[in-house]
Amino acid sequence: MNLRKALLIFPFIFLSFVSLADEGMWLPQLLNALNIKDMKKNGCKLTAEQIYSVNKSSLKDAIVQFGGGCTAEIISQQGLILTNHHCGYGAIVYHSTVTKDYLTNGFWAMNKNEEIYTPNLTVTFIKSIEEVTSRVMNNMNANASELQRDSIIKANIKIIEADAIKGTHYGAFVRPFFYGNEYYLFVTETFRDIRMVGAPPASIGKFGGETDNWMWPRHNADFALFRIYAGKDNKPADFSPDNVPYTPKHSLPVSIKGYEKGDFTMVYGFPGRTQEYLTSYAVEMLVNETNPRRVALREKRLAIMEEDMKKSNEVRLMYANAYAGVANYYKKWYGEMQGLKSYNAVEKKREFEKEFLAVANANSAYKGKLDDMFNEFKKIYAEYSTLSKQMDYYSECLMGIDGIRFTMNFINIFNELKKKNAGKDSKFDDLLKTIKKSIPFRNMNKETDIKLCTAMLNEYVKGVEKINRPFYLDSLLSAHNNDGASVAKFLYENSSFIDNTKAKAMLDDFEQNASLYERDPYYKMTAGIVKYYQTAVIPQANYDELHINELQKEYVKAMRDLMKDKKFWPDANSTLRVAYGKVNDYEPRAGVSYKHYTTLDGIMEKEKPGDDEFNVFPKLKELYTKKDYGQYADKDGKLRVAFIASNHTTGGNSGSPVLNAKGELIGTNFDRNWEGTMSDVMYNPNQCRNIVLDVRYTLFIIDKFAGAGYLLKEMNIVSK
Ligand code: ARG
Ligand code: GLU
């Protein structure tokens with residue numbers, strides 16, 4: 001059957017795909033072939049070559065991956081880069097001391113000499129992208145098993161990567177797309193002298209804290225400024241006072257002309273991971289098992305941490321970072337699960353699969369094949385469900401106990417000592433030195449961890465069947481009538497592995513008394529857990545995942561073969577992508593509608609003196625009272641803070657430039673709305689929005705708030 005016929009008989013498939021104009025994270029080198037027409041129809045004024053070109057300067061030359069997990073953009077010819085406050089957080093905290101608390105008060109270099117080098121921070125450009133599928137499949141044996149295929153592919157990739165950068169200072173990596181139907185080679189250039197230039201106080205950059213995180217309407221100036229330094233030859237160099245600001249091939253003009261609802265927008269950055277082509281079996285597992293399980297476990301942990309953080313300032317600081325991390329994905333998974341449920345995602349997938357099967361079975365090349373594939377999917381998820389539960393109880397429950405993480409630092413050292421004692425090659429002496437140096441480990445509060453240990457072990461007993469437990473942990477639980485509190489008490493009273501002082505003393509006579517320490521109950525429990533998961537669970541889970549990947553590969557191939565009219569985008573995999581859409585509002589629930597932007601007035605409305613999430617910095621209040629917004633105000637005289645658009649984004653897009661139709665910077669991406677976090681699995685055009693910091697608020701903070709307006713002189717500001 002041809003597609004037009006299929007279209008008449010199975011309207012659902014095509015309807016559900018055609019309507020999703022805003023979905024997708026596209027490969028920049030394929031825009032010309034796939035998207036540019038559609039982009040132009042939606043208002044884009046750029047050519048595909050202005051967005052991505054290998055030889056000429058293009059927008060891509062102003063985009064970098066920042067510190068591994070975020071995106072940043074170049075906004076001046078002197079290597080000035082803009083990213084999120086939460087992306088620069090680590091650097092800001094690193095440079096902060098009690099007397100120079102940049103986190104609380106903000107940091108502003110008033111000239112280049114005041115910019116601070118940040119060790120270990122790098123930014124990476126993409127020099128070129130090239131398809132290498134056939135080279136990756138070189139020497140593939142048709143009869144190879146999945147594991148054999150995997151190792152042939154890995155070996156080929158190594159060769160391709162090495163070839164690509166011979167004789168250059170570049171880096172290279174090859175990644176699979178569409179579950180390995182295609183492979184692309186990325187050549188990169190990484191700069192390693194990055195200096196901090198400016199950051200607002202946390203009460204401005206993180207205004208609204210965890211309460212507002214993943215939420216719209218939003219009011220924080222989530223930005224920070226850095227600068228790339230290079231050697232005199234403009235190439236990457238180790239830090240040196242002699243280095244100079246990097247001269248980029250392209251820097252983004254900054255537009256303060258604003259935007260209207262419906263305007264074209266584009267996000268250029270490094271989205272981390274999406275799973276848009278999962279089957280109904282996978283989505284069902286996610287919605288009904290994985291997310292609820294992880295959310296419930298994190299909720300318990302967060303409640304315990306919060307209770308103790310409220311009681312003491314010391315504990316609050318000790319756990320602040322860990323808490324923010326745990327809270328971030330707790331909230332994300334919750335929103336994702338709710339969104340998928342209310343969109344009937346599983347039902348939608350099932351309907352699609354039914355209709356897709358019918359189309360496939362009407363095609364001679366596919367007749368009968370996909371039924372087998374779906375049966376296989378069904379079977380594998382039934383098995384994988386148990387393993388994935390085991391993995392969750394490992395990472396979200398057992399690893400939620402700081403004592404276990406603490407003890408894990410010691411696992412290798414016993415093995416190395418045994419090797420040493422047997423006269424074999426051993427890293428013992430080095431390892432001992434390293435561990436000694438790394439003490440103190442991240443602090444934990446004993447009382448808090450006893451509570452966490454109690455709660456998590458009780459959850460473990462409830463959630464994991466006896467036969468799926470590591471032996472020592474299970475015998476410990478049995479000996480204590482499966483009572484988490486009793487085990488926790490026992491562990492904390494009888495172990496040397498639970499605080500820095502004891503651990504330090506232990507390391508001083510480690511070689512003499514190792515056999516004694518090896519009998520420590522906390523150590524035995526932790527070592528047992530690690531061994532059990534490493535040998536009995538993780539390899540099996542990996543195997544299943546490989547198999548699922550092979551099935552997904554066939555599934556996606558079939559979709560692409562049978563739906564020639566649809567444009568497919570590959571799931572995000574931390575490579576450079578373009579998403580495009582429009583400035584747009586939304587209705588989170590029936591009867592409720594949200595505007596597409598927020599203003600400084602909203603900050604004053606949210607103010608709660610004494611609540612550190614909603615404190616308003618005095619200077620900001622002063623500027624608000626005077627309405628001193630200068631050229632940064634919108635037509636109505638108000639100062640806009642943030643806006644939302646329908647660009648399809650995910651984690652890793654933080655800090656990405658949000659561009660207008662001409663490729664000028666109008667904002668910085670920093671989050672998604674709660675109702676829309678489902679877009680990692682299914683994009684709902686009515687609910688999915690990315691949240692953007694309005695660049696006019698950024699400039700206002702730099703200029704009027706911080707008095708660092710000199711920085712604007714190096715930017716190309718596009719005004720009325
Ligand atoms: N939700 C945003 C992102 O996923 C921001 C996270 C940092 N902010 C916070 N309040 N924890 O990463
Ligand atoms: N805050 C996220 C990040 O750090 C972006 C939000 C999202 O997941 O879309 O990348």
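Computed from heavy atoms alone, side chains included, the values below leave out hydrogens, waters and symmetry copies. When a ligand or atom number is given, it counts from 1 through the structure's own listing order.
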**Report entry** Y277 ring center within less than 6.0 Å of Y179 ring center
**Finding:** no
Report summary line: If you compare D671, N213, I691 by their heavy atoms, the one closest to atom 8 (N) of ligand 1 turns out to be N213
**Report entry** Atom indices of ligand 1 within 4.0 angstrom of K206 heavy atoms, with elements
**Finding:** 9 (C), 10 (N)
Report task. May I have the step-by-step check of side-chain hydrogen bond (donor to acceptor under 3.5 Å, both in side chains) for T575 and N573, ending in yes or no? Result -> CA-CA 5 Å; T575 58; N573 58 359; 2.6 Å; yes
Query raised in the report: Residues two or more places apart in sequence or in another chain: which of them pass salt bridge (charged side-chain N to carboxylate O under 4.0 Å, His left out) with K595?
Result: none
Requested in this report: Is it possible for you to check whether K566 lies under 6.0 Å from the centre of the six-membered ring of F568, through NZ or CZ, and within 45° of that ring's axis?
Outcome: yes
Report task. Could I get the full list of side-chain hydrogen bond (donor to acceptor under 3.5 Å, both in side chains) partners for S679, not counting sequence neighbours? Result -> R672
Query raised in the report: So among R298, K300, R293, which one has a side-chain hydrogen bond (donor to acceptor under 3.5 Å, both in side chains) with E396?
Result: R298
Report summary line: The side-chain hydrogen bond (donor to acceptor under 3.5 Å, both in side chains) partners of T448 (sequence neighbours excluded) come to D308, N445
Report summary line: For L252 and G663, the nearest pair of non-hydrogen atoms, with its separation, is CD2-O, 4.1 Å
Requested in this report: Report yes or no: does G209 have a heavy atom closer than 4.0 Å to ligand 1?
Outcome: yes
Distance dump, ligand 2 polar atoms to protein, N/O, under 3.5 Å:
{"unit_1": "ligand 2", "atom_1": "1 (N)", "unit_2": "H86", "atom_2": "NE2", "d": "3.4"}
{"unit_1": "ligand 2", "atom_1": "1 (N)", "unit_2": "S654", "atom_2": "OG", "d": "2.8"}
{"unit_1": "ligand 2", "atom_1": "1 (N)", "unit_2": "F670", "atom_2": "O", "d": "3.1"}
{"unit_1": "ligand 2", "atom_1": "4 (O)", "unit_2": "H86", "atom_2": "NE2", "d": "2.9"}
{"unit_1": "ligand 2", "atom_1": "4 (O)", "unit_2": "S654", "atom_2": "OG", "d": "2.5"}
{"unit_1": "ligand 2", "atom_1": "8 (O)", "unit_2": "G651", "atom_2": "N", "d": "2.9"}
{"unit_1": "ligand 2", "atom_1": "8 (O)", "unit_2": "R672", "atom_2": "NE", "d": "3.4"}
{"unit_1": "ligand 2", "atom_1": "8 (O)", "unit_2": "R672", "atom_2": "NH2", "d": "2.8"}
{"unit_1": "ligand 2", "atom_1": "9 (O)", "unit_2": "R672", "atom_2": "NE", "d": "2.6"}
{"unit_1": "ligand 2", "atom_1": "10 (O)", "unit_2": "G652", "atom_2": "N", "d": "2.6"}
{"unit_1": "ligand 2", "atom_1": "10 (O)", "unit_2": "S654", "atom_2": "N", "d": "3.2"}
{"unit_1": "ligand 2", "atom_1": "10 (O)", "unit_2": "S654", "atom_2": "OG", "d": "2.7"}

Report task. Among all protein heavy atoms, pick out the one at the shortest distance from atom 3 (C) of ligand 1; state its residue, atom name and that distance to 0.1 Å. Result -> N328 ND2, 3.7 Å
Query raised in the report: Which residue and non-hydrogen atom of the protein lie closest to atom 11 (N) of ligand 1, and at what distance in Å?
Result: E210 OE2, 3.2 Å
